[in-house]
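Source: prediction; values computed, not measured. Basis for what follows: all heavy atoms, side chains included, without hydrogens, waters or symmetry-related copies.
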Amino acid sequence: MGSSFSSMLLLISFFLALLGSVVPSQVSQLDETNALADCLTKVSVPVDEPGSKDWQLDATPFNLRLHYTPAAVAVPTTVKHIQDAIACAREVGVKANAKCGGHSYGSFGLGGEDGHLVIELDRMNNVFLDTETGIATVQGGSRLGHVAWELYNQGKRAFSHGTCPGVGVGGHTLHGGYGVSSHTKGLALDWLVGATVVLANSSVVNCSATENPDLFWAIRGAGSSMGVVTEFRFKTFEVPEQVTYFIASVPWTTETRARAGLKAVQEFAKTMPTELNMRMFIASRFTNLEGLYYGDKEGLQAVLAPLLEQTNGTLALIRTGGWLDQVKHFGNGIAIDQQHGYQEHETFYSTSLYTRELNDAQLNKFVSYWFQHAKSNRRDWYVQIDLHGGENSAVAKPDLDSTAYAHRDFLFMFLFYDRVDQGVAYPFDGHTLMQNFVHNITADMDQDNWGMYINYPDQNIDQDSAQRNYWGRHLTRLRKIKKEVDPDNLFHYPQGVLPETEE
Ligand SMILES: Cc1cc2nc3c(=O)[nH]c(=O)nc-3n(C[C@H](O)[C@H](O)[C@H](O)COP(=O)(O)OP(=O)(O)OC[C@H]3O[C@@H](n4cnc5c(N)ncnc54)[C@H](O)[C@@H]3O)c2cc1C
Ligand SMILES: *[C@@H]1O[C@H](CO)[C@@H](O)[C@H](O)[C@H]1NC(C)=O
Ligand SMILES: *[C@@H]1O[C@H](CO)[C@@H](O)[C@H](O)[C@H]1NC(C)=O
Ligand SMILES: *[C@@H]1O[C@H](CO)[C@@H](O)[C@H](O)[C@H]1NC(C)=O
Ligand SMILES: *[C@@H]1O[C@H](CO)[C@@H](O)[C@H](O)[C@H]1NC(C)=O
């Protein structure tokens, strides 16, 4: 009895030792998770109970292909909670990331890998419009639909931003924010006049053109790497009484026609009027031109007529309405006022590309790949080509170096997207269909002549390429600022800005 008891003890301690030596990282990750939970409890930061309904909601990414398990999910309701949560992450030695709408294609709001502290901001989503100054104060966890809804209802105002009501104002604004108003009104970050940021050392600072201007420059393009923005201050514009949205289908059945059609669209994009916003939408079975015009039907028809003639396009939809009608239309009809509880998801892989005007060889490569490899592939893919720049684009107006957004001078912004139905596992070779699309276009392009959009990230590229492709000519300055505000890279994720190093 005694000897079997002591040999059992021996056995147990043997297994414990084995556990300790064989899986040290798991054990220490468990230690970190526990230490983090203890710290957050001690300073009274609200958290989601692991496994609870809220945890499920907050830790499920928009892109179901990329699940990551956080070390903890903090759900602050005050700036102090955010400061304390960041202090806990620092103390325990885990990475921390803000999460707003959770719409990052790479699930970067969850840290883009396991074991991060997620600071879920969506309980902080007040929107206040000062009708005297037209300045909107927007809390860092608001979703775009909620912001648009509030600004309209509080004073018939808006700023320029993207289309999906569930997208967070956080990730969206801090990295660009392109939408169906951008050719007329610029990027979301162009409307930002100030922000309140919690830095990695837990201090709270304001930034604007006159206060901490370097930080203000950096958060307008690379904000996720610099701190947690608790409050945005946007200028706004009075919404137009009437806008007109449209869809035109183009029947390009052969490569020759697609080349001619695309070339006509490109010529048009270079000088199209400021009031017109347009993109091309290519799927395996159809191609559309679609967009928004600041004006009425007759005005739009006059502007589009020459292009429709050259492309054989026919208008399938043309409708004039008020501001919220177009918000609803481009939001695919879902309710505009989205807040905590939003539950739309997709399973997909995506990548992106900015280019200048394509020369004939590059245009031919694009069309060849489209017709010879993509068109016949009945996967559920699409390519969206935003007419981003050009002579009359509000995106191209500000100085290229006025914010950290590095791509104002590019004509096209491409999004490549390949999805499967929910519940279907994502096949590995799904990656190459869209990736090869990009590689075929960029193969003989100079690195200066293309880039990628961090809001349409390609989670499959390494950190060096990611930094170069997303921030191009602004990377050196961003890394200097990063070193000042977050030298230990607390806000790390696999494609973020790295602090400048000595060598
Ligand atoms: C359905 C859909 C439609 C889209 N449409 C458009 C479009 O029309 N135009 C366009 O430009 N983009 C569009 N996007 C891309 C979108 O802009 C990006 O995915 C954006 O980063 C999402 O922001 P988020 O706050 O929802 O994401 P999250 O995953 O919560 O965050 C994304 C990144 O931003 C950081 N972050 C978020 N909030 C803060 C904050 N307050 N302070 C500091 N860092 C923060 C996170 O840490 C993370 O790195 C779309 C995406 C989806 C899924
Ligand atoms: C930041 O600016 C806001 C709005 O002007 C102000 O209320 C707040 O006190 C400022 N915070 C700091 C830390 O300066
Ligand atoms: C438009 O239609 C005409 C007549 O069928 C055809 O010759 C031309 O190639 C088409 N152009 C495009 C871009 O589809
Ligand atoms: C172009 O696409 C084809 C087909 O997918 C692929 O085999 C080829 O490697 C791609 N070319 C480049 C330069 O990536
Ligand atoms: C926090 O970091 C900022 C940016 O580096 C610095 O200016 C500030 O002095 C720091 N605050 C404290 C309390 O250390």
Side-chain angles (χ1 to χ4, degrees), residues 76 78-83 85-87 90 96-100 109 119 121 124-130 133-142 147 159-161 168-177 186-236 398-406 408 454-455 470-471 474-493 496-500:
T78 65
V79 174
K80 177 79 166 42
H81 288 154
I82 297 171
Q83 294 176 272
I86 289 173
R90 244 185 7 253
N97 306 90
K99 175 168 171 277
C100 178
I119 305 175
L121 296 170
M124 298 176 73
N125 73 343
N126 292 333
V127 175
F128 171 73
L129 175 70
D130 181 333
T133 59
I135 299 291
T137 302
V138 175
Q139 276 192 306
S142 312
V147 176
F159 62 86
S160 176
H161 57 69
V169 75
H172 187 69
T173 304
L174 295 173
H175 305 111
L187 302 165
L189 58 75
D190 291 327
W191 292 83
L192 195 64
V193 293
T196 304
V197 188
V198 183
L199 298 177
N201 64 7
S202 290
S203 65
V204 185
V205 297
N206 278 337
C207 62
S208 67
T210 52
E211 201 176 355
N212 297 306
D214 278 352
L215 180 63
F216 188 54
W217 179 85
I219 65 163
R220 286 175 297 159
S224 53
S225 292
M226 304 298 160
V228 177
V229 176
T230 62
E231 196 173 280
F232 293 95
R233 286 176 285 282
F234 292 99
K235 52 185 182 167
T236 58
D399 189 279
L400 184 50
D401 299 324
S402 60
T403 67
Y405 184 79
R408 288 186 191 279
I454 174 67
N455 269 347
Y470 300 144
W471 294 292
H474 294 151
L475 183 60
T476 307
R477 182 170 173 202
L478 279 171
R479 294 190 60 189
K480 275 196 185 24
I481 296 171
K482 171 78 173 176
K483 188 183 171 192
E484 276 179 28
V485 296
D486 185 14
D488 300 325
N489 201 12
L490 182 75
F491 300 117
H492 162 85
Y493 62 94
V497 175
L498 289 169
E500 182 187 48

Review point. Which class fits the ring pair Trp217 and His474: parallel under 30°, tilted 30 to 60°, perpendicular over 60°?
Key: perpendicular
- Run the side chain to side chain contact (heavy atoms under 4.5 Å, CB included) check on Ile219 and Cys207 step by step: do they pass? CA-CA 9 Å; Ile219 65 163; Cys207 62; 3.8 Å; yes
| Less than 4.5 Å apart, any side-chain heavy atom of Pro398 and any of Thr403? | no
Any non-hydrogen side-chain atom of Asn489 less than 4.5 Å from a side-chain atom of Lys482? yes
Whether His161 and Phe159 hold their rings parallel, tilted or perpendicular, with breakpoints at 30° and 60° = perpendicular
When Asn201, Leu199, Ile119 are each screened for side chain to side chain contact (heavy atoms under 4.5 Å, CB included) with Ile86, the one that passes is Ile119
Query raised in the report: Checking Asp399 side chain against Asp401 main chain: does a donor-acceptor pair fall under 3.5 Å?
Result: yes
Nearest heavy-atom approach of Phe232 to Leu192 is CD2-CD1, 3.5 Å
- Taking Asp130 for its side chain and Ile135 for its backbone only, find out whether a donor-acceptor pair lies under 3.5 Å. no
Practice problem: Report yes if the side chains of Leu121 and Pro76 come closer than 4.5 Å at any heavy-atom pair, otherwise no. | Solution: yes
Check this for me: Lys80, atom NZ, are more than 12 non-hydrogen atoms of other residues, nucleotides or ligands nearer than 6.0 Å?
no
Open item on the list: Quick check: do Asp486 and Val497 have side-chain heavy atoms less than 4.5 Å from each other?
Closed with: no
Between the main-chain N or O of Gly186 and the side-chain N or O of Ser160, is there a donor-acceptor pair closer than 3.5 Å?
-> yes
* Do the side chain of Trp471 and the main chain of Gly221 share a donor and acceptor less than 3.5 angstrom apart? -> yes
- Query: Looking only at atom types and distance, does a side-chain atom of Asn212 sit under 3.5 Å from a main-chain N or O of Leu215, one as donor and one as acceptor?
  - Reply: no
What one should report as the nearest heavy-atom pair of Gly227 and Phe491 is CA-CE1, 3.5 Å
Across all chains, not counting sequence neighbours, the side chain to side chain contact (heavy atoms under 4.5 Å, CB included) partners of Asp214 are Arg477, Ile481
- Query: Between Leu187 and Arg408, is a side chain to side chain contact (heavy atoms under 4.5 Å, CB included) present by the stated rule, with each step listed?
  - Reply: CA-CA 10 Å; Leu187 302 165; Arg408 288 186 191 279; 3.9 Å; yes
- Message: Looking at Arg479, is its backbone amide N or carbonyl O close enough to the side chain of Glu500 to form a donor-acceptor pair, meaning the two atoms are under 3.5 Å apart?
- Response: no
*Checking side chain to side chain contact (heavy atoms under 4.5 Å, CB included) for the pair Phe234/Val169: CA distance, chi angles, key distance, verdict?*
CA-CA 11 Å; Phe234 292 99; Val169 75; 4.0 Å; yes
Original post:
Without hydrogens or angle criteria, can the side chains of Arg233 and Ser208 be said to hold a donor-acceptor pair below 3.5 Å?
Top reply: no
Check your understanding: Is a donor on one side and an acceptor on the other found under 3.5 Å between the side chain of Thr173 and the backbone of Ala188?
Key -> no
(message) Let's go through Val197 and Val485 carefully: what are the C-alpha distance in whole Å and the side-chain angles of both, what is the deciding distance for side chain to side chain contact (heavy atoms under 4.5 Å, CB included) to 0.1 Å, and is it a yes or a no?
(response) CA-CA 11 Å; Val197 188; Val485 296; over 6 Å; no
query = Does Gln139 use its side chain to pair, donor to acceptor, with the backbone of Asn126 at less than 3.5 Å?
reply = yes
Looking only at the side chains, is there a donor atom on one of Ser402 and Arg220 sitting less than 3.5 Å from an acceptor on the other? no
